Amino acid sequence: MGFLAVIFLVLLVVLFLFSFRLKNDVRTLNTWREPQELKFGDGKKSALVVYQPTKHGAEAELTMTLADYLAQNGYTVTVNYPSHELKYILSEYALLAFGSGVCLGRVSPILSEYIMMHPFKNKKVLVYTVGRNTADLTDLNELKILIDAQNNEVHSIKLSKGQNAKLTDFVGKIK
């Protein structure tokens, strides 16, 4: 009986640690951040990248890769977090990109709200999500459905950490 009690206790501790980590991951996706605008490049075309980072930083790394790639290919790129404070006029950008990490199969409700509160038409749009299971596109579709696909050119990709080359290859085909 003592052995089973030890195993039960170990499982209980593992479950607690997992739930604590999961709670922190969800909190990060649901946390409003102060805007921190970054600029890349000095091209003739303009791109706006709005993304919600997570604690692990995979989407931040991929977003910076995206911004660098666009800057090297003729864009002036503005990168920021979604916020009520942002005053960007989306119609002024040739390319709009929206990205989010994924936790429990869901994207950031903050990014979703930003997209819904800032409608746009006749834009080339890139939607990307970053998660472990790249075969499950539920989260990606959750963001895509917020964008008027009939009046915009929408491209989407699901990535996992470290798939920087996959992202730049994908963007190279749509830019």
Side-chain angles (χ1 to χ4, degrees), residues 14-40 47-71 75 77-86 88 90 93 95-118 120 123-147 149 152 154-175:
V14 168
L15 185 60
F16 172 76
L17 293 174
F18 178 74
S19 66
F20 180 75
R21 179 175 181 229
L22 196 57
K23 180 179 174 184
N24 284 335
D25 291 349
V26 170
R27 184 181 311 131
T28 303
L29 274 182
N30 295 326
T31 300
W32 287 96
R33 298 176 180 275
E34 290 293 319
Q36 291 185 353
E37 182 177 275
L38 299 173
K39 293 277 194 174
F40 297 80
L48 176 64
V49 181
V50 178
Y51 80 104
Q52 180 70 10
T54 65
K55 185 176 89 175
H56 305 291
E59 55 292 309
E61 178 186 326
L62 287 160
T63 297
M64 295 308 122
T65 296
L66 172 63
D68 284 336
Y69 181 81
L70 291 171
Y75 282 87
V77 184
T78 303
V79 178
N80 216 330
Y81 305 135
S83 169
H84 294 299
E85 298 174 33
L86 301 184
Y88 302 121
L90 301 186
Y93 294 90
L95 174 68
L96 301 173
F98 301 103
S100 176
V102 178
C103 187
L104 295 175
R106 302 295 313 264
V107 296
S108 167
I110 293 169
L111 181 63
S112 297
E113 181 180 327
Y114 181 83
I115 293 170
M116 288 186 298
M117 299 303 292
H118 298 87
F120 48 86
K123 291 288 153 199
K124 186 179 290 190
V125 183
L126 170 62
V127 178
Y128 62 100
T129 58
V130 182
R132 289 188 181 119
N133 183 359
T134 57
D136 182 0
L137 302 179
T138 306
D139 50 88
L140 187 62
N141 292 330
E142 182 181 332
L143 276 182
K144 280 175 53 178
I145 200 162
L146 300 175
I147 298 167
N152 293 291
V154 182
H155 304 272
S156 60
I157 186 169
K158 172 104 179 242
L159 303 158
S160 61
K161 183 176 184 171
Q163 290 189 314
N164 303 50
K166 182 177 178 180
L167 176 60
T168 56
D169 289 346
F170 181 78
V171 174
K173 295 174 185 169
I174 66 167
K175 64 178 175 84

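Quick note: residue numbers are just sequence positions, from 1. A quick note: this is a predicted structure, and the numbers were derived from the prediction, not measured. Because only heavy atoms are used, hydrogens play no part in the values below, and waters and symmetry mates are left out as well, while side chains stay in.
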> Should Glu59 and Thr54 be marked as a side chain to side chain donor-acceptor pair (under 3.5 Å) after you check the CA-CA gap, both sets of side-chain angles, and the distance that decides it?
Replying inline: CA-CA 7 Å; Glu59 55 292 309; Thr54 65; 2.7 Å; yes

> In this structure, which one of Ile145, Leu159, Thr129 forms a side chain to side chain contact (heavy atoms under 4.5 Å, CB included) with Leu140?
Replying inline: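 Single pass found, and it is Thr129.
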
>> Among Leu96, Val77, Thr78, Asn80, exactly one meets side chain to side chain contact (heavy atoms under 4.5 Å, CB included) together with Val49. Which residue is that?
In response: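 Passing option: Val77.
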
>> Parallel, tilted or perpendicular: which one describes the rings of Phe120 and Phe98, with boundaries at 30° and 60°?
In response: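 Parallel: the ring planes of Phe120 and Phe98 meet at under 30°.
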
Please report the interatomic distance [atom1]([X]) to [atom2]([Y]), rounded to the nearest 0.5 Å.
X	Y	atom1	atom2	answer
His118	Leu146	NE2	CG	13.5 Å
Ser156	Leu143	OG	CG	9.5 Å
Glu142	Thr138	CD	OG1	9.0 Å

> Partners of Tyr51 by ring-ring contact (aromatic ring centres under 6.0 Å, His included), sequence neighbours excluded?
Replying inline: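 Counting only residues at least two positions away or on another chain, Tyr51 forms a ring-ring contact (aromatic ring centres under 6.0 Å, His included) with Tyr81.
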
> In chain order, what residues pass the ring-ring contact (aromatic ring centres under 6.0 Å, His included) check against Phe40, with sequence neighbours excluded?
Replying inline: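 Once residues adjacent in sequence are excluded, Phe40 has no partner under the ring-ring contact (aromatic ring centres under 6.0 Å, His included) criterion.
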
>> For the NZ atom on Lys161, are there more than 12 heavy atoms of other groups (residues, nucleotides or ligands in this structure) within a distance under 6.0 Å?
In response: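 At most 12 heavy atoms, drawn from other residues, nucleotides or ligands, come within 6.0 Å of this atom.
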
>> With a 6.0 Å cut-off (strictly less than), is the heavy-atom count around CE of Met116, excluding the residue itself, greater than 12?
In response: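 More than 12 heavy atoms, drawn from other residues, nucleotides or ligands, come within 6.0 Å of this atom.
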
> Hey, mind stepping through Met64 and Leu38 against side-chain contact (heavy atoms from CB on, under 4.5 Å) and telling me if it holds?
Replying inline: CA-CA 10 Å; Met64 295 308 122; Leu38 299 173; 3.9 Å; yes

>> In the structure I gave you, are the side-chain heavy atoms of Leu95 and Leu48 within less than 4.5 Å of one another anywhere?
In response: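 Side chain of Leu95 against side chain of Leu48, heavy atoms only: no contact under 4.5 Å found.
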
> Side-chain contact, heavy-atom cut-off 4.5 Å: Asp139 with Lys158?
Replying inline: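 The answer is yes; the side chains approach within 4.5 Å.
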
Is [X] reaching over with its side chain to a backbone N or O of [Y], donor-acceptor style, under 3.5 angstrom?
X	Y	value
Gln163	Ser160	yes
Lys144	Ala149	no
Asn133	Ala135	yes
Lys124	Ile174	yes
Ser100	Ser108	yes

